[in-house]
There are 2 protein chains.
Amino acid sequence: MSENNPDSPPTPHAATSPSPPTEKKIPKAVIKRLSLYSRVLQNLEIMDREKVSSRELAARLGLNSAQVRKDLAYFGQFGVPGLGYYVSDLRQNIKRILGTDRAIRLALVGVGNLGTALLSYAGFARQGFHIAVAFDCDRRKIGSTKGNVRIYDAADLARIVRQEEIDIGILAVPADHAQAVCESLIGAGINAILNFVPAHLSVPDSVHVHYVDLSIEIESLSYYLR
Amino acid sequence: MSENNPDSPPTPHAATSPSPPTEKKIPKAVIKRLSLYSRVLQNLEIMDREKVSSRELAARLGLNSAQVRKDLAYFGQFGVPGLGYYVSDLRQNIKRILGTDRAIRLALVGVGNLGTALLSYAGFARQGFHIAVAFDCDRRKIGSTKGNVRIYDAADLARIVRQEEIDIGILAVPADHAQAVCESLIGAGINAILNFVPAHLSVPDSVHVHYVDLSIEIESLSYYLR
DNA sequence: CAGAAACCGTGAGGAAATTCACAATGTCGT
DNA sequence: ACGACATTGTGAATTTCCTCACGGTTTCTG
Ligand SMILES: NC(=O)c1ccc[n+]([C@@H]2O[C@H](COP(=O)([O-])OP(=O)(O)OC[C@H]3O[C@@H](n4cnc5c(N)ncnc54)[C@H](O)[C@@H]3O)[C@@H](O)[C@H]2O)c1
Ligand SMILES: NC(=O)c1ccc[n+]([C@@H]2O[C@H](COP(=O)([O-])OP(=O)(O)OC[C@H]3O[C@@H](n4cnc5c(N)ncnc54)[C@H](O)[C@@H]3O)[C@@H](O)[C@H]2O)c1
């Protein structure tokens, strides 16, 4: 998904075509929940729980149990009627589906306040995410390391991103550089970006961007203050 | 919204009742977009643009122009046919609707890696958000200040939150303290929480929680890597 | 081993959100 | 003053997502 051109002539990008040879269409919301299930299962595993029901899984996440079952059923039959799901088994399956059964390699661009916090976040490693490299354009930062991650010159981004086989880019630069950096990342073959910058990114349909926008979250919370 | 009890007897909490005396029901997604519009309008204002069409607004956010118009129409008639919307006027209206026409007072709980980055983030002030106080339970941090914000003992949370007339709480503590801190905040009268902790919070229906969950974002991006 | 209990998978129905499409309304140039 | 044009506001159609409800399967109990 990217731009919607509702008014102008329909672009002949294959992306908006009726239904590609894909099997079934899986809602984006389902994927996000898979990830939530995965984490709950990880906790259950630590608690040495062998089995879990859709009901319990749902309760631990504030969801409806039918939704849990339906979400999982998109990908196969993992449950045992009368019993529930086997924790480890289900977790492994979900990890495989999400592609997190191997380490995910990340590149961080912009090592400022936020970038630094991300570099020293232990939670990522716990989930199998590895920030392999970081980039900045500030001379004083280039060449140094933070949280065991080497900081490279943003000018060398394309080369290093390819070399290091990066999967996902993290954007944490000032707003007025976001689009340009985004394009560098795409140019380097990246097609998944996590964007912390409060700016809309224009990207081809093949590239996935997830936005994390704190101001939006706070502002919209403000609306609900009675 | 909080727990869904799909299986057990319907709880007689007034929250799930058919339709309270509310006027029209405004989708949550609309509120989030209002906030996006507000920011784009702020940029347009800086560029000295007087007017803007729903089409342009949509293009700048990757949305459909009909959606922009419909969103705004929930709250009144702000546009002028054949012309568009007056930038400053619309912006002021949206800020009024969101309640951001006055400063929003925030309390941060947990001044670790992430909390520190948040304290030194200039972007908040720009949007009219003010982190008024911070809390931690680490002796070495209590009493000091970071980014001009005083750090208090978490034990005094209730008293200070009331005293300082805090609107929204920000949760950035370790996962195993999240639910307890959340309850302290609610006990102190808070009913809007921004939660960075990767854990589900159980709260009464009257309390709004927005989740910011980085691992989920990365994990779900991973799914889309081809 | 029979009957009860637990729980999954899923079709049908519903609710929510988005997009379409167009009549209505205004602007602007001449 | 008027016709050409731009753009809004909104019912209707569409799409996306969620919940209900139940048949069917497995386990458990006595
Ligand atoms: N700090 C926060 O808590 C926070 C919260 C929400 C959003 N954000 C957003 O995240 C982004 C970064 O915030 P921050 O507080 O870390 O800012 P910052 O100014 O501390 O850091 C930005 C870093 O990006 C580097 N940089 C600038 N241009 C670059 C380029 N072209 N290529 C590579 N690196 C470049 C700078 O040298 C700097 O180190 C901003 O867009 C901000 O709005 C930050
Ligand atoms: N650092 C990141 O980039 C990042 C990213 C995503 C999510 N998170 C989440 O945010 C939370 C904080 O992360 P962090 O990296 O800042 O951790 P951290 O350990 O650096 O900081 C946690 C802080 O909370 C304080 N604390 C602990 N219990 C408390 C209590 N009961 N009341 C008040 N303060 C208390 C600790 O003293 C510490 O200062 C974690 O749940 C983490 O999973 C962090």
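So you know, we letter chains A, B, ... as the sequences are listed, proteins then strands, and number each from 1.
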A.B. asks: Can a side chain N or O of B:Arg69 be found less than 4.0 Å away from OP1 or OP2 on D:dT8?
C.D. replies: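 For B:Arg69, the contact criterion (side-chain N or O under 4.0 Å from OP1 or OP2 of D:dT8) is met.
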A.B. asks: With a 4.5 Å limit on heavy-atom distance, are the side chains of B:Glu217 and A:Lys32 in contact?
C.D. replies: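 Yes, close enough: below the 4.5 Å cut-off.
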A.B. asks: Grab the CZ-C1' distance between A:Arg55 and D:dC20 for me, whole Å please.
C.D. replies: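 So the two atoms are 14 Å apart, to the nearest Å.
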A.B. asks: Would you please name every residue forming a ring-ring contact (aromatic ring centres under 6.0 Å, His included) with B:Tyr86, sequence neighbours left out?
C.D. replies: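 Counting only residues at least two positions away or on another chain, B:Tyr86 forms no ring-ring contact (aromatic ring centres under 6.0 Å, His included).
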A.B. asks: Measure CD/A:Gln67 against C1'/C:dG9 and give the value in whole Å, please.
C.D. replies: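 To the nearest whole Å, that distance equals 15 Å.
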A.B. asks: Mind calculating the distance between CD (B:Gln77) and C1' (D:dT10) to the nearest angstrom?
C.D. replies: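 Taking atom C1' of D:dT10 as the reference, CD of B:Gln77 is at 10 Å.
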A.B. asks: For residues 170-182 of chain A, run the donor-acceptor check on the side chains, cut-off 3.5 Å, and write out each pair with its distance to 0.1 Å, sequence neighbours left out.
C.D. replies:
from: A:Gln179; atom 1: OE1; to: A:Ser202; atom 2: N; distance (Å): 3.0
from: A:Gln179; atom 1: NE2; to: A:Glu183; atom 2: OE2; distance (Å): 2.7
from: A:Gln179; atom 1: NE2; to: A:Ser202; atom 2: O; distance (Å): 3.0

A.B. asks: Remember a base hit wins even if backbone is also touched, and classify B:Tyr74 as base, sugar-phosphate or nothing at under 4.0 Å, heavy atoms.
C.D. replies: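 Since no nucleic acid heavy atom lies under 4.0 Å of B:Tyr74, the category is nothing.
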A.B. asks: C:dC8 P sits how many Å from A:Leu90 CG, rounded?
C.D. replies: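 My rounded result for the distance is 10 Å.
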A.B. asks: What is the distance, rounded to the nearest whole Å, between atom NZ of B:Lys28 and atom P of C:dT18?
C.D. replies: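 About 13 Å, once rounded to whole Å.
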A.B. asks: Which residues pass the ring-ring contact (aromatic ring centres under 6.0 Å, His included) test with A:Tyr223, sequence neighbours left out?
C.D. replies: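 Partners of A:Tyr223 by the ring-ring contact (aromatic ring centres under 6.0 Å, His included) criterion come out as none, since no residue qualifies.
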A.B. asks: Summarise how protein sits on nucleotides 23-30 of chain D as a single string, 5' to 3': B when a protein heavy atom is under 4.0 Å from the base, S for sugar-phosphate-only contact, - for no contact.
C.D. replies: -BBBS---
A.B. asks: Whole Å only: how far is the CG atom of A:Asp71 from the C1' atom of C:dC8?
C.D. replies: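 Value for this atom pair: 14 Å.
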A.B. asks: Tabulated below should be each protein N or O lying under 3.5 Å from an N or O of nucleotides 11-13 of chain C; please produce it.
C.D. replies:
from: C:dG11; atom 1: O6; to: A:Lys70; atom 2: NZ; distance (Å): 3.0
from: C:dA12; atom 1: N6; to: A:Lys70; atom 2: NZ; distance (Å): 3.2

A.B. asks: Which residues pass the ring-ring contact (aromatic ring centres under 6.0 Å, His included) test with A:Tyr121, not counting sequence neighbours?
C.D. replies: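 Checked A:Tyr121 against ring-ring contact (aromatic ring centres under 6.0 Å, His included); matches are A:Phe124.
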A.B. asks: According to salt bridge (charged side-chain N to carboxylate O under 4.0 Å, His left out), who are the partners of B:Arg162, at least two apart in sequence or on a separate chain?
C.D. replies: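 Per chain and number, B:Arg162 pairs via salt bridge (charged side-chain N to carboxylate O under 4.0 Å, His left out) with no residue.
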A.B. asks: Taking OP1 and OP2 of D:dC18, is either one under 4.0 Å from a side-chain nitrogen or oxygen of A:Arg33?
C.D. replies: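 Yes, because at least one side-chain N or O of A:Arg33 sits under 4.0 Å from OP1 or OP2 of D:dC18.
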A.B. asks: Determine, for A:Arg105 against A:Glu164, whether the closest basic-nitrogen to carboxylate-oxygen distance falls under 4.0 angstrom.
C.D. replies: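 Salt bridge flag = yes for A:Glu164 with A:Arg105.
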A.B. asks: Just N and O in the side chain of B:Ser54: are any of them under 4.0 Å from OP1 or OP2 of D:dT8?
C.D. replies: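 Yes, because at least one side-chain N or O of B:Ser54 sits under 4.0 Å from OP1 or OP2 of D:dT8.
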A.B. asks: Pull out every protein N or O sitting under 3.5 Å from an N or O of nucleotides 13-16 of chain D, one pair per line with the distance.
C.D. replies:
from: D:dT16; atom 1: OP1; to: A:Lys25; atom 2: NZ; distance (Å): 3.4
from: D:dT16; atom 1: OP2; to: A:Lys25; atom 2: NZ; distance (Å): 2.9

A.B. asks: Check the angle between the aromatic planes of A:Tyr224 and B:His210 and answer parallel, tilted or perpendicular using the 30° and 60° thresholds.
C.D. replies: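 Rings of A:Tyr224 and B:His210: perpendicular, as their planes differ by over 60°.
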A.B. asks: Listed by chain and number, what are the salt bridge (charged side-chain N to carboxylate O under 4.0 Å, His left out) partners of B:Glu56, not counting sequence neighbours?
C.D. replies: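 By the salt bridge (charged side-chain N to carboxylate O under 4.0 Å, His left out) rule, B:Glu56 matches B:Arg49, B:Arg60.
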A.B. asks: Using ring-ring contact (aromatic ring centres under 6.0 Å, His included) as the criterion, list what pairs up with A:Phe196, not counting sequence neighbours.
C.D. replies: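 ring-ring contact (aromatic ring centres under 6.0 Å, His included) list for A:Phe196, sorted by chain: empty.
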A.B. asks: Can you list everything that forms a salt bridge (charged side-chain N to carboxylate O under 4.0 Å, His left out) with B:Lys95? Sequence neighbours excluded, please.
C.D. replies: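 Expected list: none.
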A.B. asks: Write down the distance between CG (B:Leu72) and P (D:dG9), rounded to a whole number of angstrom.
C.D. replies: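 Answer to the nearest Å: 8 Å.
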A.B. asks: State which residues pass salt bridge (charged side-chain N to carboxylate O under 4.0 Å, His left out) with B:Arg126; sequence neighbours excluded, sorted by chain then number.
C.D. replies: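 Residues passing salt bridge (charged side-chain N to carboxylate O under 4.0 Å, His left out) with B:Arg126: none at all.
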A.B. asks: Take the protein atom CZ of B:Phe78 and the nucleotide atom C1' of D:dT10, then report the distance between them rounded to whole Å.
C.D. replies: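 From B:Phe78 CZ to D:dT10 C1': 16 Å.
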